[in-house]
Amino acid sequence: MPIPEDVTGDEIDKSVRQELQSLPKTLAEDVAKNLVMVARLLDEDPEQAYGYAQVALRLASRVAAVREAAGFAAYGAGKYAEALKEFRASRRMTGSAELWPVMADCERGLGRPEKALAMAGEPEVGRLDRAGQVEMRLVAAGARRDMGQADAAVVTLQSPELASSAVHPWTARLRYAYADALLEVGRESDARDWFARALEADQAGTTDASDRLAELDGVQFTDALDEDEDEDEAEVAEASVDGTARTEDSGKGAEKAE
């Protein structure tokens with residue numbers, strides 16, 4: 001797959017670069033460039049990111065960072081079985097529990113929420129940092145909802161992290177998930193409050209909390225461009241009617257002249 005000229009491979013994380021040092025220099029550079037493309041495209045074009053990840057995987061399947069990147073690319077493309085396989089491979093190589101929450105979410109994607117929920121109770125969760133534990137809580141709550149246990153999902157999300165006024169990278173998503181769970185159990189007023197709190201913390205715009213708030217408040221947005229198009233169409237239609245009327249009048253005038 002083509003690599004843009006501005007991609008050098010030096011953009012990758014230092015820890016990944018260190019892992020690639022086990023490869024021959026030219027090969028390491030090629031793998032690094034493909035990993036950069038995976039990172040660039042993962043959100044905007046998951047299928048393209050997946051393609052670059054497959055190239056990196058063919059070049060260096062024994063590098064844990066490559067297996068992890070391939071896992072996230074497959075995950076982004078909705079290929080959950082493949083993602084789970086790659087995450088497991090990376091975990092075997094590193095011994096890290098960092099990927100445990102996303103592995104559990106892959107189980108959800110495969111229609112196995114019971115398995116995801118069981119993983120939330122495994123010892124690996126205790127090895128996660130605070131951010132990882134929040135992610136695990138989000139996955140567990142999602143699994144509860146998948147199983148039709150909406151009230152349990154609300155309880156699962158209640159935690160010191162949710163109650164904290166401090167803002168972390170995961171705060172907006174946690175508050176948003178809680179608001180959504182509240183809405184599902186019919187607590188609309190509380191849900192609105194938590195969507196508002198999610199919006200306050202969502203500096204990066206990772207959620208659609210503002211849209212959800214507007215929806216709850218009954219606010220409808222009108223696209224200015226659509227309004228202009230409607231006005232143009234109305235003017236064209238009016239001109240068409242006037243033109244037809246003038247043509248008919250001209251015809252009548254001709255008849256009178258005859």
Side-chain angles (χ1 to χ4, degrees), residues 42-43 46 64-65 67-187 190-191 194-195 197-198 201-202 204 206-209 212:
L42 196 56
D43 292 330
R67 303 302 289 266
E68 180 178 331
F72 276 109
Y75 178 80
K79 304 177 189 293
Y80 299 114
E82 188 174 337
L84 187 56
K85 181 187 74 172
E86 298 301 339
F87 288 142
R88 283 173 174 166
S90 177
R91 182 169 174 267
R92 283 195 300 270
M93 293 175 181
T94 64
S96 171
E98 183 180 356
L99 296 172
W100 196 252
V102 71
M103 288 169 63
D105 206 37
C106 285
E107 295 288 0
R108 284 186 62 210
L110 291 168
R112 300 193 292 248
E114 298 88 353
K115 176 63 175 175
L117 201 57
M119 290 177 68
E122 294 291 337
E124 283 81 358
V125 178
R127 296 169 53 196
L128 297 171
D129 61 13
R130 193 179 183 192
Q133 291 186 358
V134 170
E135 288 299 327
M136 194 70 245
R137 191 176 293 276
L138 288 168
V139 173
R144 289 289 189 189
R145 293 181 68 174
D146 293 343
M147 297 163 66
Q149 301 173 3
D151 288 309
V154 171
V155 174
T156 298
L157 292 168
Q158 292 170 348
S159 62
E161 291 81 11
L162 180 67
S164 174
S165 60
V167 175
H168 301 277
W170 37 261
T171 300
R173 292 175 52 241
L174 180 60
R175 292 177 181 179
Y176 182 95
Y178 188 57
D180 202 34
L182 288 170
L183 194 59
E184 186 172 358
V185 298
R187 295 170 57 180
D190 291 335
W194 281 98
F195 276 129
R197 295 189 192 188
D202 196 6
T206 56
T207 74
D208 63 347
R212 300 297 297 276

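Predicted, not measured: the structure shown is a model, and the values here were computed from it.
Applying the salt bridge (Lys or Arg N to Asp or Glu O under 4.0 Å) test to pairs two or more places apart or on separate chains, none has a residue in residues 72-85. Residue pairs meeting the ring-ring contact (aromatic ring centres under 6.0 Å, His included) criterion with at least one member in residues 122-157, sequence neighbours excluded, do not occur. The side chain to side chain donor-acceptor pair (under 3.5 Å) analysis of residues 90-104, with sequence neighbours excluded, yields the pairs Arg91-Glu124. Under the ring-ring contact (aromatic ring centres under 6.0 Å, His included) criterion, the residue pairs touching residues 114-171 are His168-Trp170, with sequence neighbours excluded.
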Listed pairs under 3.5 Å, donor-acceptor, residues 110-122 side chains, sequence neighbours left out:
unit_1 : atom_1 : unit_2 : atom_2 : d
Arg112 : NE     : Glu107 : OE1    : 2.6
Arg112 : NH2    : Glu107 : OE1    : 2.8

Please tabulate, for side-chain N and O atoms in residues 148-160, each donor-acceptor pair with protein atoms closer than 3.5 Å (sequence neighbours left out).
unit_1 : atom_1 : unit_2 : atom_2 : d
Gln149 : OE1    : Arg144 : NH1    : 2.5
Thr156 : OG1    : Ala152 : O      : 2.8
Gln158 : NE2    : Tyr178 : OH     : 3.0
Ser159 : OG     : Leu157 : O      : 3.4
Ser159 : OG     : Glu161 : OE1    : 3.3
Ser159 : OG     : Leu162 : N      : 3.3

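Across every non-hydrogen atom of Ala166 and Ser164, the tightest pair is N-OG, 3.1 Å. Of all heavy-atom pairs spanning Gly71 and Ala83, the tightest one is O-CB, 3.3 Å. Closest of all the heavy-atom pairs between Ala177 and Leu138 is CB-CD2, 3.5 Å.
Interatomic distance, Phe87 CZ to Met103 CE, rounded to the nearest 0.5 Å: 8.5 Å. The distance from the CG atom of Asp190 to the CZ atom of Phe195 is 12.0 Å, given to the nearest 0.5 Å.
Every side chain to side chain donor-acceptor pair (under 3.5 Å) that Arg197 has, sequence neighbours left out, goes to Asp193. Arg127 meets the side chain to side chain donor-acceptor pair (under 3.5 Å) test with no other residue; sequence neighbours excluded. Residues passing the side chain to side chain donor-acceptor pair (under 3.5 Å) test with Thr171, sequence neighbours excluded: none. For Glu68, there are no salt bridge (charged side-chain N to carboxylate O under 4.0 Å, His left out) partners two or more places apart in sequence or in a different chain. Applying the side chain to side chain donor-acceptor pair (under 3.5 Å) criterion to Glu135, with sequence neighbours excluded, gives Arg173. Among residues two or more places apart in sequence or in another chain, the side chain to side chain contact (heavy atoms under 4.5 Å, CB included) test is passed with Ala209 by Tyr176, Ala198, Leu199, Thr207.
Checking Asp105 against Tyr75 by side-chain atom types alone, a donor-acceptor pair falls below 3.5 Å.
A salt bridge is absent between Arg175 and Asp202; no separation between the charged side-chain nitrogens and carboxylate oxygens falls under 4.0 Å.
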- Taking it one step at a time, do Asp180 and Trp194 satisfy side chain to side chain contact (heavy atoms under 4.5 Å, CB included)? CA-CA 9 Å; Asp180 202 34; Trp194 281 98; over 6 Å; no
